[in-house]
Structure formats: structure tokens, C-alpha cells
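Some notes on the structure that comes next.
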Amino acid sequence: MRIASSRMLSLLLACAGLSLPVLPALSQDVGQEDGESQPVYSLSGDAAAGFILAADGLDPAVADSAAIVSLAADFLHRIEAPGWGLVLNHSLELSAQSATAAQASPTMTVYEAYIRFDLVPDGSAQLFLGKRRMGLGLGTVFAPGDLLNPRTGFWDQKTGFRGLALQASLGSDLSLRAALGLDRNLDATAAGLRASAGVGTPAEAELAAAYAAALDGAKGPADPRLLTSAISLDAQLGTLQLAASGLWRPDALGRASLGLGLDLGGVILQAEGAAEFLDGDASPERPDLFGTVGARYAWMADSGSLSLSLDYAYNGAAGDQLGKTHYLLPQVLLSWTDVLDLTARALVELEGPGALVSGLLSLHPARNLDVELSILASLGEPGGDAMALASRIPMGASLTTAAGLAARVHF
Amino acid sequence: MYRRIPLLSFALMLFPLALSAAPTAAEILASVDRALFLESYTSRATMVTVEPGQEPRSMTFESWSRRDKGSYIEVLSPARTKGTRFLQLEGSLWMFNPRSGSSNPIRLSARDSFQGSTMSNADVGKSQFSDDYEATATTEAILDHAELGPVPCFVIEATARSADSAYGKIVIWVRKTDSMPLHMEYYARSGLLFKRMDLMRIRSFGAITRPSVMRMESLEKKGTITTFTLESIEARPIPDSVFNRNWLTR
């Protein structure tokens with residue numbers, strides 16, 4: 001999709017700003033006073049405008065600009081009804097190096113789009129269909145068993161997986177989750193359609209190769225070998241938290257993990273380990289091992305809070321979700337209620353050495369307005385995979401060294 | 001504001017009541033729980049915090065509570081935190097923001113401030129006092145209530161059962177006629193009085209009668225006051241599934 005930027009700007013503004021007085025009215029129309037028998041619609045989100053100054057990653061053909069100008073909006077739509085629910089969580093973004101704004105291409109990213117069915121009247125067992133975020137294990141920074149829908153950023157940022165999920169509450173202290181990931185099947189289906197459409201064109205060979213790569217040895221898009229299945233059991237035993245999970249893809253991935261979390265008077269300690277039995281050179285006799293340990297503590301007062309955390313990850317001898325073996329992730333979060341929030345994080349490679357550092361200062365000059373100043377910097381010689389874990393900066397760009405300024409309105 | 005009256009005068013005044021057995025501290029605390037926390041209910045409330053030199057901050061939220069389970073809270077406004085969910089279970093408190101890009105709830109401490117107010121997370125999510133506090137002593141006093149004037153009260157001391165409780169001790173003034181709590185004082189483990197709360201505007205929500213306004217004042221930060229206004233409350237059954245972390249991320 002490519003439309004003129006001025007038209008897209010109007011569209012974005014309409015979505016982000018002009019819709020504000022309209023959507024609550026829509027909410028009232030769809031919902032009902034008692035909220036019992038009718039679906040209730042709600043919308044929340046934010047819209048941002050700003051620019052990013054980047055030291056690299058820019059289009060070298062545009063010599064007159066070192067900045068990316070961007071408009072973006074995030075939306076979370078929810079419909080809640082007895083027995084079912086619907087969620088659509090997406091963003092709209094228009095960004096360009098300033099001199100090429102006329103050529104800007106709008107992008108829409110869908111993070112979650114799923115429908116929920118309650119399988120029993122009290123909602124203790126639920127089925128989810130569609131694209132949805134799901135985490136396996138305890139870790140919010142590193143979780144070695146969390147491969148069904150792995151993180152895409154520093155801090156538990158996920159874009160969701162496509163498939164089915166089932167979750168059941170077995171009382172307040174125990175829950176069971178299971179999922180069937182269809183990402184590879186759907187990607188192969190799409191690649192197959194593109195290859196079919198490209199027959200007889202100059203790109204035919206390239207499209208056929210892409211289809212073969214997507215199949216990865218499977219007979220077709222419906223081949224069960226492309227499916228990924230996961231199961232997870234989470235328990236709360238007083239101050240002890242326990243999570244066990246298993247992940248399996250035929251002939252390709254077989255991973256079991258166990259995590260423990262303990263609240264020691266406000267200091268939360270976590271440890272998690274995983275064993276891989278099928279991927280690469282791993283076997284049931286010689287599994288690859290991964291692990292993480294971490295601690296976090298939050299100090300809070302009437303009008304502010306300070307949270308500190310430190311996590312170490314053993315990423316396997318040959319690297320796993322990142323390219324190196326040993327990582328540290330220190331983090332500081334400072335919040336002064338309704339005045340400012342400050343977040344500073346670093347992903348430190350202990351071999352190398354190298355680090356990716358991110359900082360975000362968010363000022364709140366008005367009730368629903370933020371002014372955000374962000375930085376992202378690579379230090380030393382970080383590995384290429386680490387650079388892919390660029391922190392989420394205001395406009396969502398993934399650059400390795402950049403600073404950004406943005407204004408954000410919440411609605 | 002609160003005056004202790006001579007024991008003899010008080011005894012004569014309450015002579016008719018003395019013919020029946022006086023309630024124990026534990027019984028009074030249980031009656032406070034019954035007055036404030038229904039067996040199973042949903043409610044909607046707005047919380048406004050005023051600090052010297054700052055604009056008032058308000059937050060509206062809905063909660064689902066069950067005495068034997070805990071509380072589930074969802075923020076309705078302001079926009080910045082709209083949709084954020086809290087789940088208080090015995091021994092643990094969780095927060096999840098569906099807009100954070102995360103899939104895992106974050107564990108919080110019960111004694112920390114609830115969203116920058118003078119109330120702790122436990123104050124907002126609590127489903128009954130008896131879980132965390134043991135009534136250890138009872139006296140009687142006249143409370144000069146801002147709306148009701150002088151009110152004969154039982155005064156009970158509720159002491160923390162464990163180190164995880166938000167406060168070391170809570171002293172509660174309970175109206176003798178109907179066990180309605182009217183005033184509370186919150187002490188740190190050191191014995192320092194650092195918050196007090198007045199419960200006002202007793203009104204009926206259908207068959208439920210209870211204070212609709214709770215005004216908590218921080219004595220550590222002079223001039224910082226959080227006013228919690230109950231807008232609606234309804235007794236209704238709530239399934240077990242609400243009190244599971246899966247409900248936060250549904």
C-alpha cells in the first residue's frame with residue numbers, strides 16, 4: 001500500500017486525533033449500562049509525532065537529511081461480552097527521512113488480533129484464535145524456554161504468534177496453557193501463493209526459492225512438521241512462583257524449561273533453565289543448556305518509585321536467541337508520579353565486550369500528554385544479533401545509534 | 001478531635017448494653033469486614049489525590065472482589081493508564097498493562113503506593129482485614145465525626161499477622177450501633193502513626209449500606225490527601241477464574 005503522504009497524514013490525524021470525541025460515543029452505543037448482556041467496546045491508545053536523529057541506518061542517497069520524521073499511533077480495541085471477547089492491538093506509522101516525505105510509505109503493524117471463547121460458563125477455560133502475545137516461563141528479560149513467541153526487544157516486547165491457544169485456571173494458584181503455532185504454515189502458504197503468481201515472470205526463480213525455504217523440507221504448507229506446539233504449567237505456592245513449559249516442533253525443536261521465582265520481602269529473585277534436545281547438534285543424550293538468573297527490587301514512596309533489576313543470561317555454548325553466550329541486562333526505572341518517568345537499560349555482552357544502551361525520559365506536562373526524549377547507542381563491538389534487539393524508541397525505528405524527541409497524546 | 005470519656009461515665013451510659021455480652025475485638029473486626037467487604041461484589045470508584053503545589057490526580061477503576069479470594073481491578077481513566085489491571089491474591093499482587101507490549105504480569109508489593117496515591121496497593125485491593133491483621137485489644141471512645149458529630153465507638157487495635165502486611169497496626173473506630181467503621185489510623189512497624197482515614201457519607205447502594213467516601217491523609221507528607229469515592233457497588237457472584245493470573249492477560 002502506497003498513497004500520497006499528505007493523504008496519509010490526514011488519515012493518521014483522523015485516526016489519532018479527530019476520532020477522540022467520536023470513539024467514546026461509539027463505545028456508549030455498543031455497550032449497555034449493565035454491561036451484562038451486550039458486548040462492550042473500549043478503545044485506548046496513543047498518538048505520537050516526532051523525529052529521530054540517527055548516526056547510521058539512514059538512506060545514503062538522501063544527503064541533505066540526518067533525521068527521520070514520523071507520525072505514529074497505537075490502538076488497543078477490545079470487545080468484551082459474556083462468553084467471548086475480541087482484541088485488536090495495532091499501530092499505524094508514517095515515517096520518512098525529511099527530504100523524502102513525499103515518498104513516505106505508511107505501515108500498519110498488527111501485534112494482536114484474536115477472538116476469545118470461554119469454554120465453560122465461569123471463564124475458567126478459554127480458547128484463543130488468531131494472533132496473540134504469549135510468554136512461556138517467568139522471565140521478562142530473558143526466558144530460555146520462550147521460543148513460541150520470542151521477544152523482539154529489550155523488555156518482553158512481543159509481536160504475537162498466529163495460531164490457537166488454550167488456557168485453563170485450575171483454581172487461583174495453578175493454570176495450564178497450551179498453544180499451537182501456525183506461523184510457519186501461514187508463511188509457507190503466503191510464499192506459495194506468491195510463487196504461483198510469479199510463474200513466467202523474471203522473479204519466478206527467486207519466488208520459488210523463497211517458497212522452498214519457507215517449507216524447510218516440509219511437503220506443503222499444511223505439513224504438520226511446520227507446526228509448533230507448546231504447553232505450560234504455572235503455579236503460585238505462597239511467595240514461590242513456579243513455571244514449567246515444553247516446546248516441540250517435529251525434527252527441529254524440543255525444549256523443556258523450568259523457572260522459579262521467590263519474593264523475599266520485596267526483593268524478587270528468579271532463576272530459569274532450559275534444555276534443548278533437537279535443534280542443531282543437540283540430542284536427548286547431549287542437550288544444549290540455557291539459563292538465566294535475576295533479581296529486582298522496587299522502592300516506592302507516595303509520589304514516586306525507583307526500580308532496579310539485574311539479569312544474567314547463559315545463552316548456550318553456541319548462542320541461542322542472541323549470538324553470544326554470556327549477557328547481563330541491568331535496568332533502572334525511575335518514576336515521579338505525573339511528572340516524569342526515566343528508563344535506562346543496557347544489554348551487555350560479556351564476551352567482546354560490547355553493549356547496547358537505551359534511555360527514555362518521559363515528561364508529563366499535561367494530564368494525557370508526554371514529551372519523550374530517547375537515546376539508543378551501541379558501545380564497543382556488539383554482535384550483529386544484539387543490534388537487532390534495538391530498544392523500542394518513540395517512533396519504533398530500529399537504528400543502532402540514534403536520539404529521538406516526540407510528543408505523545410494518550411486517549 | 002477524639003476524646004476519651006471517663007470509664008465510669010461511659011459504663012453508666014452503656015449500662016443497658018452491658019447486660020448482653022460485649023463483643024470481642026475479633027468479632028468487631030469481623031463486623032468491620034462485613035460492613036466494608038461483601039462476600040462477593042463488583043464496584044466502581046474514583047480516587048483523587050491532592051498534593052501541595054501539584055494538580056489533583058484522579059483515577060477511576062472497577063473492581064471485582066471476593067472475600068475468600070482477593071480482588072481484580074481494572075483502570076478506566078486516566079488515558080495514560082487506562083486498561084491497566086491489578087490482581088490481588090493471598091500473598092501476592094500482580095499488575096498487567098495490555099499496552100506495554102508485554103505478555104507477563106509484573107509482581108508488586110502490597111505495601112507500596114497504589115498509583116501514586118496515599119493508599120497502598122493493599123488498601124485498594126484488600127478483600128478483608130482479618131486475613132492480614134489480628135484484633136488484639138478493644139476500648140471504647142466517643143468519636144467527633146465531621147459529619148455525624150459525637151459517635152460512641154468501639155476502638156479496636158488490629159496488629160499485623162505477618163511481615164508481609166502493609167501496616168504494623170491499624171486502629172479502627174467502629175460505631176457501636178451498627179458496627180460501621182468511621183475512622184482508621186495506620187501505624188508503621190516502628191509504631192509511627194503515618195496515615196489516617198475518615199469514612200464518610202454513609203449511603204445505601206440498593207440493599208448495601210456503607211461509607212461511600214474514604215479520605216486518607218498522609219502524615220508523612222503534609223497536605224497530601226487521597227479521597228476514594230465509591231460510585232457503585234453490587235453484590236454478585238464472581239467465578240474463581242477471575243482470581244487467576246490468566247485473567248489479567250485474557
Side-chain angles (χ1 to χ4, degrees), chain A residues 42 44-46 74 76 78 85 87 89 111 116 118 120-126 133-135 138-140 149 153 155-158 167-169 171-175 177 234 236 238-239 241 261 263 265-266 268 298 300-305 335 337-339 364 367-368 370 392 409-411, chain B residues 42 49 51 54-55 57-58 62 68-70 76-84 87 89-92 94 98-113 115-118 120-121 163-164 218 220-221 224 226 234 236-247 249-250:
Chain A
S42 66
S44 57
D46 55 69
D74 290 313
L76 175 60
R78 300 188 69 89
V87 170
N89 188 350
Y111 301 107
R116 185 198 82 237
D118 294 342
V120 291
D122 72 357
S124 59
Q126 301 168 325
R133 292 180 174 120
M134 182 170 174
L138 298 178
T140 52
N149 177 205
W155 183 260
D156 202 19
Q157 303 293 324
K158 290 171 177 281
Q167 64 185 33
S169 303
S172 297
D173 304 326
L174 189 63
S175 63
R177 294 178 296 157
D234 299 271
Q236 183 74 46
T239 58
Q241 191 185 357
D263 185 348
I268 296 179
M300 296 202 184
D302 282 347
S303 57
S305 66
S335 178
T337 304
D338 274 11
V339 177
H364 314 311
R367 182 176 166 83
N368 289 316
D370 297 341
R392 191 177 75 162
V409 177
H410 299 267
F411 55 88
Chain B
T42 61
T49 299
E51 282 187 71
Q54 290 193 25
E55 290 289 314
R57 303 190 300 271
S58 70
E62 286 185 333
D68 63 332
K69 291 289 185 184
L76 303 177
S77 71
R80 184 177 285 124
T81 50
K82 182 180 176 182
T84 302
L87 178 64
L89 303 171
E90 184 182 358
S92 63
W94 301 90
R99 290 160 56 193
S100 67
S102 164
S103 60
N104 285 3
I106 297 170
R107 190 169 183 157
L108 303 177
S109 168
R111 72 187 64 172
D112 291 336
S113 164
Q115 297 290 292
S117 72
T118 61
S120 69
N121 288 317
D164 293 332
S218 170
E220 286 182 310
K221 290 186 68 180
T224 300
T226 294
E234 179 187 358
R236 57 189 290 188
I238 301 173
D240 286 355
S241 55
V242 171
F243 304 99
N244 185 290
R245 278 184 294 138
N246 282 346
W247 192 256
T249 57
R250 70 189 187 282

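A, B, ... follow the sequence lines: proteins, then strands. Residue 1 opens every chain. Quick caveat, the model's predicted, so the values are computed rather than measured.
If you measure heavy-atom distances from R116(A) to chain B, the contacts under 4.5 Å come from the side chain alone. Heavy-atom distances place the backbone of A168(A), and not its side chain, under 4.5 Å from chain B. Both the backbone and the side chain of N368(A) come within less than 4.5 Å of a heavy atom of chain B. Residue S58(B) touches chain A through both its backbone and its side chain, counting heavy-atom pairs closer than 4.5 Å.
Within the 4.5 Å cutoff, the side chain of D240(B) has no heavy atoms near those of the S124(A) side chain. Side chains of D370(A) and R80(B) form a contact here, defined as non-hydrogen atoms less than 4.5 Å apart. Within the 4.5 Å cutoff, the side chain of D234(A) has heavy atoms near those of the R245(B) side chain.
Counting heavy-atom pairs under 4.5 Å between each of M134(A), Q126(A), R367(A) and chain B puts R367(A) at the top. Interface check for chain B: of the options G85(A), A125(A), G45(A), the most heavy-atom pairs under 4.5 Å are formed by G45(A).
For S241(B) (side chain) and S169(A) (main-chain N/O), no donor-acceptor pair under 3.5 Å exists by modelled atom type. Using a distance-only test at 3.5 Å, with no hydrogens or angles considered, a donor-acceptor pair links the side chain of Q167(A) to the main chain of N246(B).
Contact record, G123(A) with W247(B): O-CZ3, 4.4 Å, taken as the closest heavy-atom pair. Nearest heavy-atom pair across L174(A) and N244(B) is O-ND2, 3.3 Å.
Rounded to the nearest 0.5 Å, atoms CD (Q241(A)) and CH2 (W94(B)) are 3.5 Å apart.
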